[in-house]
2 protein chains.
Amino acid sequence: MADAPRSARALARETLTREILTAARARLATDGPAALSLRAVARDVGMVSSAVYRYFPSRDALLTALIVECYDELGAAVERADAAVPDRDDVAARWLAACHALRAWAVAHPGELGLLYGTPVPGYAAPRDTVDPATRVVRVLVAVVADAHRAGADARPAPDDAPDIGELVDPARQFVAARGIVADAPTELVTRVLMAWTTLFGTVSFELFGHLVGSVTDPAQWYDAVARRLAADLGIR
Amino acid sequence: MADAPRSARALARETLTREILTAARARLATDGPAALSLRAVARDVGMVSSAVYRYFPSRDALLTALIVECYDELGAAVERADAAVPDRDDVAARWLAACHALRAWAVAHPGELGLLYGTPVPGYAAPRDTVDPATRVVRVLVAVVADAHRAGADARPAPDDAPDIGELVDPARQFVAARGIVADAPTELVTRVLMAWTTLFGTVSFELFGHLVGSVTDPAQWYDAVARRLAADLGIR
DNA sequence: GCAATGGCAAGAGCGGTGCTCTCGTTTGTG
DNA sequence: CACAAACGAGAGCACCGCTCTTGCCATTGC
């Protein structure tokens with residue numbers, strides 16, 4: 001993947017591929033994912049539409065490349081925010097940093113967020129390549145909560161009348177176990193992390209898609225309030 | 001709106017309008033909102049595409065009609081579920097009934113949910129007509145929580161380090177006050193209801209858009225677990 | 001009872017889309 | 001140097017939203 005392109009043609013190919021992706025990202029921001037037009041992208045880079053097919057075999061392939069790139073960018077942003085907290089034992093600060101990085105990226109790239117988490121593009125089915133980059137964000141959240149758990153934090157107990165859901169979250173538990181984050185995560189902790197992740201995404205989604213306009217004065221402040229309450233529900237102090 | 005159509009022409013118009021909407025709903029379910037093609041709908045009802053413009057001035061107008069219809073349908077379903085609980089004091093049962101009605105409708109109409117809550121359709125801006133039907137669902141949730149509050153329930157207290165967000169949720173508070181649901185709802189209760197609504201939507205959205213596949217074995221059971229924990233966070237017993 | 005009005009379906013046409021194919025040209029390599 | 005692969009351009013196919021014109025026919029006014 002990282003060997004230096006020797007020939008002039010290979011270098012031109014790499015440059016043009018990047019240029020196409022960049023132009024597509026720009027179009028994504030203005031027009032939204034569903035309206036991403038391969039012809040418009042081609043015009044933006046000064047190509048004829050058929051020439052783009054030399055670089056991406058189909059519109060779906062271009063979408064896949066964009067999705068992977070965006071997942072990685074978002075994941076990297078959240079990882080960086082967590083890593084930037086000097087005191088690794090200050091899990092509350094790490095949680096908030098990760099949460100805020102998530103929203104910051106989303107607000108800066110609304111079209112891309114729609115591509116990643118919005119309505120699936122009609123004919124498009126996400127290939128396998130996209131699932132691993134997709135997990136980067138939630139992996140950071142899990143890691144922070146796991147550190148908090150090791151330091152004694154505990155999620156809210158399940159309600160008394162709630163049915164047992166031990167094996168319900170087994171896939172998630174195995175996911176974190178396989179990555180060596182927590183060997184045997186408690187059910188209630190896994191549950192609350194998943195809920196928190198859902199709430200964070202829902203909050204950002206509501207803001208960007210305009211479902212928060214009549215409810216809250218300042219979306220940024222609201223998001224912060226949500227993130228803090230989620231931390232409390234996870235036992236993070 | 002409800003006067004009987006006298007002339008044969010007016011009746012035919014009403015019938016065809018309904019037929020177009022029904023066909024559009026069917027297309028929505030199979031193709032998704034962004035790919036809703038006016039020409040395809042026209043074919044389905046045995047019309048030529050230009051004839052549809054006699055009934056809807058544009059594709060956006062058709063979308064708006066669909067959105068209003070779907071919001072109303074979803075809102076009615078949730079209202080019905082709440083109203084069907086015989087013991088009005090059993091707020092826990094009412095909460096779960098409303099939550100499950102929400103998911104049931106969403107699972108039965110994934111395309112429509114994408115239209116309502118997914119990525120906004122590129123060139124489309126939702127007109128004023130859609131905002132009131134959009135609030136029906138959340139109004140039910142608020143009403144249930146308000147009844148629970150009157151019976152003594154209280155939301156989780158805010159975390160100690162959380163900034164004051166009293167006026168942040170003022171628009172939401174005024175919304176419920178204006179409708180006579182609760183005169184002066186406590187900030188933390190409003191906050192938790194908004195969070196719960198966000199989480200419910202996020203959970204359904206994650207399930208329908210495929211972001212839950214590797215985390216949870218049974219989406220229905222998972223949704224139930226989430227709804228119960230949200231109830232607990234709201235102090236509903 | 002008849003003619004004018006106006007609602008209506010149909011068709012052609014505009015510019016846009018994803019995608020395929022062909023045709024010269026350019027580039028790297030045996 | 002020659003051959004093959006890579007490439008850009010263009011034409012063309014079927015589809016899209018939307019507009020305009022044409023002609024039919026029910027409703028309405030005289």
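The chains referred to below are lettered A, B, ... by the order of the sequence lines, with proteins before strands, and numbering in each begins at 1.
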Exercise. Tell me the ring-ring contact (aromatic ring centres under 6.0 Å, His included) pairs involving residues 12-64 of chain B, sequence neighbours left out?
Worked result: none

Exercise. What residues in residues 16-25 of chain A put a non-hydrogen atom under 4.0 Å from any atom of DNA chain C?
Worked result: none

Seminar exercise, completed: By ring pair (Phe, Tyr, Trp, His ring centres under 6.0 Å), A:W105 pairs with (sequence neighbours left out) A:H109

Problem set entry | B:A83: partners by side chain to side chain contact (heavy atoms under 4.5 Å, CB included), with sequence neighbours left out | none

Exercise. Can you name the side chain to side chain contact (heavy atoms under 4.5 Å, CB included) partners of B:A51, sequence neighbours left out?
Worked result: B:M47, B:V48

Donor-acceptor pairs under 3.5 angstrom involving side-chain atoms of residues 127-134 of chain B: please list them, not counting sequence neighbours.
unit_1, atom_1, unit_2, atom_2, d
B:T130, OG1, B:P127, O, 2.8
B:D132, OD1, B:R179, NH2, 3.3

Exercise. Can you name the side chain to side chain contact (heavy atoms under 4.5 Å, CB included) partners of B:R43, sequence neighbours left out?
Worked result: B:R39, B:A40

Going by atom type alone, with no hydrogens or angles, which donor-acceptor pairs under 3.5 Å involve a side-chain atom of residues 207-216 of chain B and a protein atom two or more places apart or on another chain?
unit_1, atom_1, unit_2, atom_2, d
B:E207, OE1, B:R103, NE, 2.9
B:E207, OE2, B:R103, NH2, 2.9
B:H211, NE2, A:L116, O, 3.3

Seminar exercise, completed: In 5'-to-3' order, the base (B), backbone-only (S) or no-contact (-) status of each nucleotide in nucleotides 11-19 of chain C, using a 4.0 angstrom heavy-atom cut-off, is B-B---BBB

Atom pairs, protein N/O to nucleotides 2-6 of chain D N/O, distance under 3.5 Å:
unit_1, atom_1, unit_2, atom_2, d
D:dA6, O4', A:R9, NH1, 3.2

Exercise. Can you name the residues that form a side-chain hydrogen bond (donor to acceptor under 3.5 Å, both in side chains) with A:E167, not counting sequence neighbours?
Worked result: none

Problem set entry | For A:R9, side chain to side chain contact (heavy atoms under 4.5 Å, CB included) partners two or more places apart | A:S7

